[in-house]
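Beneath this line is the structure, given in structure tokens, with notes to follow.
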Amino acid sequence: MQTAVPTDRERTAVQAYLRLLHTVRAAFDGPPDGGRPVVLPPSVLAEAERALAGAGLAGNEEEFFRLLRHWCREG
């Protein structure tokens with residue numbers, strides 16, 4: 001049974017994903033310098049992976065993105 005309020009672990013997974021997303025956007029939004037590869041801190045990706053696994057969402061993208069849409073509603 002799904003609840004209307006995300007659990008602490010689900011909320012942590014969504015927050016970790018959003019941090020990862022913002023880090024990727026910041027890396028791509030940086031000044032263009034002729035082909036330098038985008039560098040992401042491995043810790044940001046690892047945090048997101050741990051949070052997804054801890055919430056039981058690893059490999060369950062449909063459920064995860066449902067939570068993400070609920071958490072980040074656009075006005």
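Just the heavy atoms: all of them, side chains too, but no hydrogens, waters or symmetry mates, feed the values below. Note that the structure is a prediction, hence the values are computed from the model and not measured.
The structure places CG of Leu20 at 11.0 Å from CZ of Arg25, a figure rounded to the nearest 0.5 Å.
For Arg11, the CZ atom counts as densely surrounded, since its 6.0 Å shell holds more than 12 non-hydrogen atoms of other residues, nucleotides or ligands.
Inter-residue side-chain proximity for Glu49 and Leu45 is flagged as met; some heavy-atom pair is nearer than 4.5 Å.
Scored by the side chain to side chain contact (heavy atoms under 4.5 Å, CB included) test, Ala16 finds Arg19, Glu47, Ala48, Ala51 as partners (sequence neighbours excluded).
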